[in-house]
Amino acid sequence: MTSRNTLKTVVLLAALTGLLLVIGRLIGGPEGMVVALAFAFLMNFVAYWFSDKIAIASTRSRPVSEAEAPELYRIVRELAAEARMPMPRIYVSEMLQPNAFATGRGPGHAAVSVTRGILRILDERELRAVLAHELSHVANRDILVGSIAAAIGTAITFLARMAFWFGGARDERDNAFGPFAFLIAWVLAPVAAALIQMAVSRSREYQADESGALLSRDPEALASALRKLEQAVREVPVPATVSPAQAHLFIVNPFRGRRAAMALANLFSTHPPTEARIARLEEIARRIRA
């Protein structure tokens, strides 16, 4: 299952990059492709170096000492040692919505944040399982992958908006898409980019669920935590400081709507359906017992 998710992520990132090049070609021909690549490089540079600072600031997370949160430190230290990774920085967000996220460009520069809300509703087993999931994101370099996907997606949307002003490639004879170039660049490309970006996020969530369940050796606890969190995020709104572009960071989608049509919500969601995640965790539990 892990290798399949990895291959899927590689294919999706390649598709996202290919879409970026197509948009660059539609807007400015061969020179536009070079501009698109340069813009993507700049976006990825910013995402690589500053995504952790942006996420921590937007969620109003603050660093906590071991004296303030001894149990939290103990759990994270044990899991980090089990995963053979450095101890991440630990933060607590004042958000009342129960949630958690990990950020940072790699295991040596990682941070884990839990909200006040999640500390109130999860027991120790469930919290341990959630933290194992988040540390798995760090170990699997998912934060970097997600940041790259988000940066390329943003670049595609920005370039598509440029097409509105410049009307695509100047010489339609060099454009295989002809008069449809403008429609593809301005309307369809941002939608396609969003769908691919969200598919990348869903694939990494499945992999972190599996890796986290194996790290904690307690997939039932993670399934139980997901049930609680899915219900709670529908009842407690996310603060306005958190952007929808950051939804992929959290263990459950903080913007889960109560009345959204399920098929459409799943299509445009950064997370797989919670029921599907729980079913996979239950299958992992059966494999562990066997």
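Side-chain atoms are counted along with the backbone in the values below, which use heavy atoms only and exclude waters and symmetry mates. Quick caveat: nothing in here was measured; it's all calculated off a predicted structure.
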Colleague: Does the side chain of Y73 come within less than 4.5 Å of V64's, by heavy atoms?
Modeller: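 When only atoms from C-beta onward are counted, Y73 and V64 do touch, with a gap below 4.5 Å.
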
Colleague: Before giving the answer on salt bridge (Lys or Arg N to Asp or Glu O under 4.0 Å), spell out for E124 and R128 the whole-Å C-alpha distance, their side-chain angles and the decisive distance to 0.1 Å.
Modeller: CA-CA 6 Å; E124 183 176 330; R128 181 184 179 88; over 6 Å; no

Colleague: Would you kindly confirm whether L131 and I56 end up in one hydrophobic cluster when ILVMFWY residues are joined by side chain heavy atoms under 4.5 Å apart?
Modeller: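 In one cluster: no.
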
Colleague: On a heavy-atom basis, which atom in A80 and which in P86 lie closest, and how many Å separate them?
Modeller: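 Minimum heavy-atom contact is CB-O, 4.1 Å.
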
Colleague: Taking all atoms of both residues into account, what is the closest heavy-atom pair of I121 and E126, and its distance?
Modeller: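 Heavy atoms of I121 and E126 come nearest at O-OE1, 4.2 Å.
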
Colleague: Would L96 and R120 satisfy side chain to side chain contact (heavy atoms under 4.5 Å, CB included), going step by step from the backbone distance to the final call?
Modeller: CA-CA 9 Å; L96 296 180; R120 291 175 182 174; 3.6 Å; yes

Colleague: Take atom CZ in R77; do more than 12 heavy atoms of anything else shown fall under 6.0 Å from it?
Modeller: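 Count over threshold, so yes.
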
Colleague: If you apply the rule side chain to side chain contact (heavy atoms under 4.5 Å, CB included), what do you find for I288 with E220, and how did you get there?
Modeller: CA-CA 11 Å; I288 291 176; E220 290 103 331; over 6 Å; no

Colleague: What pairs with R84 under side chain to side chain donor-acceptor pair (under 3.5 Å), at least two apart in sequence or on another chain?
Modeller: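 Here no residue qualifies.
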
Colleague: Hey, are R125 and D218 close enough for a salt bridge, meaning a charged N less than 4.0 Å from a carboxylate O?
Modeller: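 D218 and R125: salt-bridged.
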
Colleague: L122 versus P98: any side-chain heavy-atom pair under 4.5 Å?
Modeller: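 Not in contact.
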
Colleague: May I ask you to decide if A129's main-chain N or O and S216's side chain share a donor-acceptor pair within less than 3.5 Å?
Modeller: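 Flag not set: sc S216 to bb A129 has no pair under 3.5 Å.
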
Colleague: Do R280 and E283 sit within salt-bridge range, that is, some charged N less than 4.0 Å from a carboxylate O?
Modeller: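 No salt bridge links R280 with E283.
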
Colleague: Show the nearest heavy-atom pair for residues A223 and L281, with the distance to one decimal.
Modeller: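 Taking A223 first and L281 second, the nearest heavy atoms are N-CD1, 3.7 Å.
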
Colleague: So which heavy atom on S58 is nearest to which on V242, and how close?
Modeller: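 Closest heavy-atom pair between S58 and V242: O-CG2, 3.8 Å.
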
Colleague: So which heavy atom on V130 is nearest to which on A225, and how close?
Modeller: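 Smallest interatomic distance, heavy atoms only, reads CG2-CB, 3.7 Å.
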
Colleague: Going from CG on L222 to CG on L215, what distance comes out if it is rounded to the nearest 0.5 angstrom?
Modeller: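 Separation between the atoms: 11.0 Å.
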
Colleague: Any sub-3.5 Å donor-acceptor pair from T59's side-chain atoms to S93's backbone N or O?
Modeller: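 Not at all, since once roles are kept as given, no pair shorter than 3.5 Å links the two residues.
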
Colleague: Any side-chain donor-acceptor pair under 3.5 Å between H137 and E205?
Modeller: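 There is such a pair (donor and acceptor under 3.5 Å, judged by atom type) between the side chains of H137 and E205.
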
Colleague: Side chains of H271 and R277: does their closest heavy-atom pair fall under 4.5 Å?
Modeller: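 Heavy-atom side-chain distance check passes, below 4.5 Å.
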
Colleague: Measuring from atom OG of S211 to atom CG of L135, what distance do you get when rounded to the nearest 0.5 angstrom?
Modeller: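 Answer rounded to 0.5 Å: 11.5 Å.
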
Colleague: Look up atom CG in L249 and atom OG in S201, then write down how far apart they are to the nearest 0.5 Å.
Modeller: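 One gets 8.5 Å once the value is rounded to the nearest 0.5 Å.
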
Colleague: Do Y91 and F250 share a hydrophobic cluster (ILVMFWY, side-chain heavy atoms under 4.5 Å, transitive)?
Modeller: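 No, it is not one cluster - the side chains of Y91 and F250 are not joined through contacts under 4.5 Å.
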
Colleague: Find the distance between CD (E134) and CG (L79) and round it off to the nearest 0.5 Å.
Modeller: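 E134 atom CD to L79 atom CG measures 11.5 Å (nearest 0.5 Å).
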
Colleague: Which atoms form the tightest heavy-atom contact between E68 and S65, and what is the distance?
Modeller: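 It is OE1-N, 2.9 Å.
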
Colleague: How many angstroms lie between atom CG of N253 and atom CG of L229, to the nearest 0.5 angstrom?
Modeller: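 Here the rounded value is 12.0 Å.
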
Colleague: Can you tell which of V238, V114, I118, V236 makes a side chain to side chain contact (heavy atoms under 4.5 Å, CB included) with M95?
Modeller: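 The option that passes is V238.
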
Colleague: Check whether any side-chain heavy atom of R74 sits under 4.5 Å from a side-chain heavy atom of E71, and report yes or no.
Modeller: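 Touching, per the 4.5 Å side-chain cut-off.
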
Colleague: So, are E282 and R227 salt-bridged, with charged N and O less than 4.0 Å apart?
Modeller: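 Counted as a salt bridge, because a side-chain N and a carboxylate O are separated by less than 4.0 Å.
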
Colleague: Sequence neighbours left out, what pairs pass salt bridge (charged side-chain N to carboxylate O under 4.0 Å, His left out) with at least one residue falling in residues 87-101?
Modeller: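 Matches after skipping sequence neighbours: D52-R89, R62-E94, E94-R116.
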
Colleague: Report the distance from atom CG of L226 to atom NE2 of H133, rounding to the nearest 0.5 Å.
Modeller: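 If we round to the nearest 0.5 Å, L226:CG and H133:NE2 are 7.5 Å apart.
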
Colleague: For N99, what residues pass the side chain to side chain donor-acceptor pair (under 3.5 Å) criterion, not counting sequence neighbours?
Modeller: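 Partners of N99 under the side chain to side chain donor-acceptor pair (under 3.5 Å) test: Q97.
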
